[in-house]
There are 2 protein chains.
Amino acid sequence: MKSEKISEAVVRRLPIYWRYLSELQRREVSTVSSQELGQKLDLNPAQIRKDLAYFGDFGRKGIGYDVAYLIEKIRHILNLDQQINVVLVGAGNLGHALSNYNAYLKENLKIVAVFDAYEPKVGTQINTLKVQPMDELYDTIKNHNIRIGIITVPEYEAQQVANQLIEAGIAAILNFAPIILKTPPHVRIHAADFTTEMLSLAYYLEEGKEDSTDGE
Amino acid sequence: MKSEKISEAVVRRLPIYWRYLSELQRREVSTVSSQELGQKLDLNPAQIRKDLAYFGDFGRKGIGYDVAYLIEKIRHILNLDQQINVVLVGAGNLGHALSNYNAYLKENLKIVAVFDAYEPKVGTQINTLKVQPMDELYDTIKNHNIRIGIITVPEYEAQQVANQLIEAGIAAILNFAPIILKTPPHVRIHAADFTTEMLSLAYYLEEGKEDSTDGE
DNA sequence: TAGATTGTTAATCGATTAACAATC
DNA sequence: TAGATTGTTAATCGATTAACAATC
C-alpha cells in the first residue's frame, strides 16, 4: 500500500476490473494474469499492474492474481463493503430508468430516495420508492446518511438542486443535466450528460462527410 | 487551421464550449474572452485558446471571440451542419428516456429509428417512432444513412448488437451496456455505463468511512 | 496610445508503456 | 530448474499551463 494520490483515470478503471473479475468468478476461473485482463479489457498489462499496485501487492509473481481475492480488495477500495445510500432528484423518464438499475447496483450501493419538485409527481411510486417533495430533501439525506446524489432534473434547476444536495452534506454527485455545476472542491462531481456525449461522437464522423464513401 | 491530430480531451470540450456559447447568444452577448469562458466552465483560459486554435484563428487579439461566429465554427467542426441520423437499439426504460432527448439534440442530430429484439416490444410506439424488429436493422441503417448507434440492451446482448451495427456500416457507438465492446479500430466507441460511473464515484467517499465525521 | 486578449512556444506536469530484477 | 508473471523503475508520450510577442 503506497500513499500517492490516485488519479481519476485509475479510479475509473477499477470498476471495469471489478466487473470483469466478477464475470470470471461466475465462470469459476480462479486466477488471472494482467496479460489476460489487458487483452479482455483493451488495456496495457503494465497499466493494470501499476493500477493495482497503488493499493497493495495483490498478485503473485509467476502466478497472477487470485480472482476472488482481487474482487474482495477492489470491493474494499471502492468502499462497497459498507452500505452507500444514494438519492435521485428528478423523477422524469431518465430518473425512472436509472432507478431501475438498483437491482444491478446491489452490492451495497442503493438508491434509497427519489425527489421531484413538480407537485403532481410527488407521492407517485417509482418501483419501491415513493417520490418525495423537495422540502424533505435535507432531512432525508441526513437521516439516511445519504452520500451520493444523482441529478436528473432539467438544466435550469440543476445548480439549485446541487446546492441543496451539498448543503445537506452529500459527498459526490452524478450530474445528468447539461451544465457545469459550481461546487466546493470537496464535493466530487461527475458529468454524465447524454447530449454532450452525442455531440462529441458527432465529431468523429468526418469520414462520412462525403456521402457514399465506402469503408475506411 | 493546423492538421495535428486532435486529442479526445479536446473533442470532449467542444460541445461544452458550444453549449455555453449558445447560452450567451440567447442572452445576446456578442463577444466573449477565453478568460470569461474559463471562469464559467472551470477551465484554464490558455487551454481554451489552444483548443480552438487547433481548428483555426477564430478570435481577435485584444477583443476576444465573436459568439455567433464561434458557434458557427464549432457547429461545423462537430459536423452539425449536416443531418446526422442515429439509431437506438434496446427499447427498455433507458432507451425510452434517451429517445426523449431528441428535442434537445435537434441541431441536425436525431434518433430516427428504434429497434428491439423482444417480440412483444416490436411495433409499439416510442414518441414518434415505431419499434422495429432486429432483422430490419441492416437495411434501415443503409437506407437512412445512419451513422451513430446507441446501445441500450442488456449486457449479454450488447456485443452482438454492436457487431450488427458495425456490419451495417455505423461509424460511432454510444454504449450504455456494462461491457467493453470488441470493435474494429475505425469505429468510435464511447462508454456511458451508469453502474461503472456510480462505482467510481463510490471511491471518493473515503472520508465518510467513519460515520458522523462532520464536514471536511 | 494604453489596455486587453489572442495564438503559440516553451515549461511543466502527469499518465502510459517498456523493461527487468525478483520470485513463485 | 525453466517458464511465467508480478511490482517497480525508467523512458516515453501526451496534455495542461505559463508566458509573451503580436495586434486589435
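In what follows, chains carry the letters A, B, and so on, assigned in the order in which the sequence lines appear, proteins first and then strands, with residues in each chain numbered from 1.
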A:His144 and A:Asn85 side chains, donor-acceptor separation under 3.5 Å | no
Donor-acceptor contact present, side-chain A:Asn44 to main-chain A:Ala46, <3.5 Å | yes
A:Thr152 side chain to A:Val89 backbone, donor-acceptor under 3.5 Å =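 Checking the backbone N and O of A:Val89 against the side chain of A:Thr152, a donor-acceptor pair under 3.5 Å is found.
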Round to the nearest Å and state the distance from [X] atom [atom1] to [N] atom [atom2].
X       : N      : atom1 : atom2 : result
A:Leu70 : D:dT6  : CG    : C1'   : 13 Å
A:Glu8  : C:dG14 : CD    : C1'   : 14 Å
A:Ile48 : C:dA18 : CD1   : P     : 13 Å
A:Asn44 : C:dA18 : CG    : C1'   : 8 Å
A:Gln47 : C:dA19 : CD    : C1'   : 16 Å
B:Ile6  : D:dT16 : CD1   : P     : 12 Å
A:Gln35 : C:dT17 : CD    : P     : 14 Å
B:Lys50 : C:dC13 : NZ    : C1'   : 14 Å

Does D:dA4 have OP1 or OP2 sitting under 4.0 Å from an N or O in the side chain of A:Tyr65?
-> no
Determine: side-chain N/O of A:Ser34 to OP1/OP2 of D:dT6, distance under 4.0 Å, yes or no.
->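 Yes, A:Ser34 has a side-chain N/O under 4.0 Å of OP1/OP2 on D:dT6.
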Should C:dA22 form a Watson-Crick or G-U wobble pair with both distances under 3.5 Å, which nucleotide is its partner?
-> D:dT5
Which nucleotide, in any strand shown, forms a Watson-Crick or G-U wobble pair with C:dT17, with both distances under 3.5 Å?
->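 Result: D:dA10.
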Pick the nucleotide of DNA chain C nearest each of B:Ser33 and A:Val10; which residue has the one closer to the 5' end?
-> B:Ser33
Would you mind classifying the nucleic acid contact of B:Arg49 as base, sugar-phosphate or nothing, using non-hydrogen atoms under 4.0 angstrom?
->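 Base contact.
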Side chain of [X] - closest among [options]:
X       : options                : value
B:Arg60 : D:dC24, C:dA18, C:dA15 : D:dC24
B:Ala53 : C:dG7, D:dT8, D:dT16   : C:dG7
A:Lys61 : D:dT8, C:dT23, D:dC24  : C:dT23

To the nearest 0.5 Å, how far apart are NE2 in A:His190 and OH in B:Tyr204?
-> 5.0 Å
From the list A:Ile151, A:Leu137, A:Ile150, side chain to side chain contact (heavy atoms under 4.5 Å, CB included) with A:Val87 holds only for A:Leu137
